[in-house]
Protein chains: 2
Amino acid sequence: MKGVTKLKYKKIPEATIRRLSRYSRCLEEMEEKGEKVVSSALLAKKCVVNAAQVRKDLAYFGEFGIRGVGYYVEDLLNNIKKILGSNKEWRMAVIGVGNLGSALLSYKDFLKQNYKIVAAFDIDPPRVIGRVSEKLGKPAEVLHINRVREVAKERKIDIGLITTPPSEAQGVANLLVEAGVRGILNFAPAQVTVPVGFVVKDVFFSTILDNLAYLLSTETGYFIDKK
Amino acid sequence: MKGVTKLKYKKIPEATIRRLSRYSRCLEEMEEKGEKVVSSALLAKKCVVNAAQVRKDLAYFGEFGIRGVGYYVEDLLNNIKKILGSNKEWRMAVIGVGNLGSALLSYKDFLKQNYKIVAAFDIDPPRVIGRVSEKLGKPAEVLHINRVREVAKERKIDIGLITTPPSEAQGVANLLVEAGVRGILNFAPAQVTVPVGFVVKDVFFSTILDNLAYLLSTETGYFIDKK
DNA sequence: GGATGTGAAGTCGTTCACAGCT
DNA sequence: AGCTGTGAACGACTTCACATCC
């Protein structure tokens, strides 16, 4: 036996999950506007995807619609949130209170309600604590990184945000794994690996910008005929 | 004629471009360590991808290697930077100096050297200017959004970062398009469309977190057998 | 009638395997 | 002998088209 062993669930494309998040956002808007029912065609149009794609994405998880009618907005939204796990509260910690780390801390309210930053760590808390406090307008608590394990348990941390320099990323990831923090959002541009059962998502600004630069550099691209 | 019309260049998978950025990062590390030559197998290992993938990705753009030998690190790095356009300087503007906008402004040095923020706009500069200055430690210049067109020309802005509330995103995108700013990095969780010749990349923290939440929620996933 | 759910077809990206150079 | 470059096989995701059900 080699490669990937399928267990119980069939593999869901990552793109499907990303779109689910997008549907979720559109459905929230519709709900606010008081719209009760939506067809795959309409939802697709709002999300700029194919209607069959919407139906296929949902079909991975069950039958949520009514033939001849469509989907009940509220019902579908709840189901999608349940699928994504975005109906739960997720507790996060920032590790590395440098530029990006303190940006995330100071401005944590640009995160959605159910994602909360509940701790911050650095290798040298005294050095950064003043800087952060100043921005938050009250004494900020930045803990020494060697307390990750203890505090992760105490505060039930689900997700660690790595905002250290790239050279430290793997070490911090190891610490988080040891502490039983299963989810990692890695902002440090370095490849990080974790054992099975743990998850890393990279957010590399440099990659995104390089991507944009590439698209802007290739002047002759494609013409999309309008439908 | 309908659908997508191919012009001159063949389509390059977006994933290829993302990997190119990754190769670039690894090659920079190697260069620093003074390594002269690298094989596709070694580069692949460092980047956690397949060796054939490395060769295929590069083959889209030319022949950069020497059979029986490998690739010259410096040479390959330069070529990749040229392909990506990441050897040029890219000038950026932040539009919307709220939480995220001022975070990007205050902490712009977490961006790579060749990506520079050279302007900031808001619909109400007086309201935000104090807040930003305080963080930067000097009077910050936040311009009124109705000056985008004029200033974009003046300062040769290539890329606009949309950090407004989602409801304003499309309007701001229109403004940028009108001003001839061809690249947009959209942080506001709302679908934005632009004419052919312009490019939008989304960076939605909520989507990334939803994705992580999903992966953490599906406790039984896959076991990857080690090779 | 009308919109969902879904097998089948199509498209796109990845991996294999080896011919071709150095 | 060794490693690149690449056609062909494979696999994965998307779109089509229609049977199915409200």
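Hydrogens, waters and symmetry mates are skipped; everything else that's a heavy atom, side chains included, is used. Here is how names work: the chains are called A, B, and so on, in the same order as the sequence lines, proteins then strands, and each is numbered from 1.
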Of all heavy-atom pairs linking Ala179(B) and Arg149(B), the shortest is CB-CA, 3.7 Å
Rounded to whole Å, the CD1-C1' distance (Ile17(A) to dC13(D)) equals 14 Å
Subject >> Residues Thr207(A) and Arg18(B): side-chain donor-acceptor under 3.5 angstrom >> reply: no
Of dC13(D), dG2(C), dT14(C), the nucleotide closest to the side chain of Arg67(A) is dG2(C)
To the nearest angstrom, the CD-P distance between Glu63(B) and dC3(D) comes to 18 Å
From CG of Asn79(A) across to P of dT4(C) the rounded distance in Å is 15 Å
Q. Is Tyr71(A) near enough to dG5(C) that one of its side-chain N or O atoms lies under 4.0 angstrom from OP1 or OP2?
A. yes
Item to complete: Classify the side-chain pair Asp210(B)/Tyr115(A) by whether it contains a donor and acceptor separated by less than 3.5 Å.
Response: yes
Rounded to whole Å, NZ of Lys11(A) lies from C1' of dG11(D) at a distance of 12 Å
Arg18(B) atom CZ is separated from dG13(C) atom C1', nearest whole Å, by 12 Å
Separation of dG11(D) atom P from Glu14(A) atom CD, nearest Å, is 21 Å
Per the under-4.0 Å heavy-atom filter, residues of residues 33-58 of chain B near DNA chain C come out as Asn50(B), Ala52(B), Gln53(B), Arg55(B), Lys56(B)
In whole angstroms, the gap separating P of dT14(D) from CG of Leu20(A) amounts to 12 Å
Closest heavy-atom pair, Gly85(A) versus Ser217(B), reported as atoms and distance to 0.1 Å, is CA-OG, 3.5 Å
Whole-Å distance, Tyr72(A) OH to dC22(D) C1', equals 10 Å
Check the side chains of Glu178(B) and Asn174(B) for a donor-acceptor pair under 3.5 angstrom, ignoring hydrogens and angles. no
### Task
In sequence, state the C-alpha distance, the side-chain angles, and the governing distance for Glu31(B) and Lys33(B), and then conclude on salt bridge (Lys or Arg N to Asp or Glu O under 4.0 Å).
CA-CA 5 Å; Glu31(B) 200 177 36; Lys33(B) 284 184 198 150; over 6 Å; no
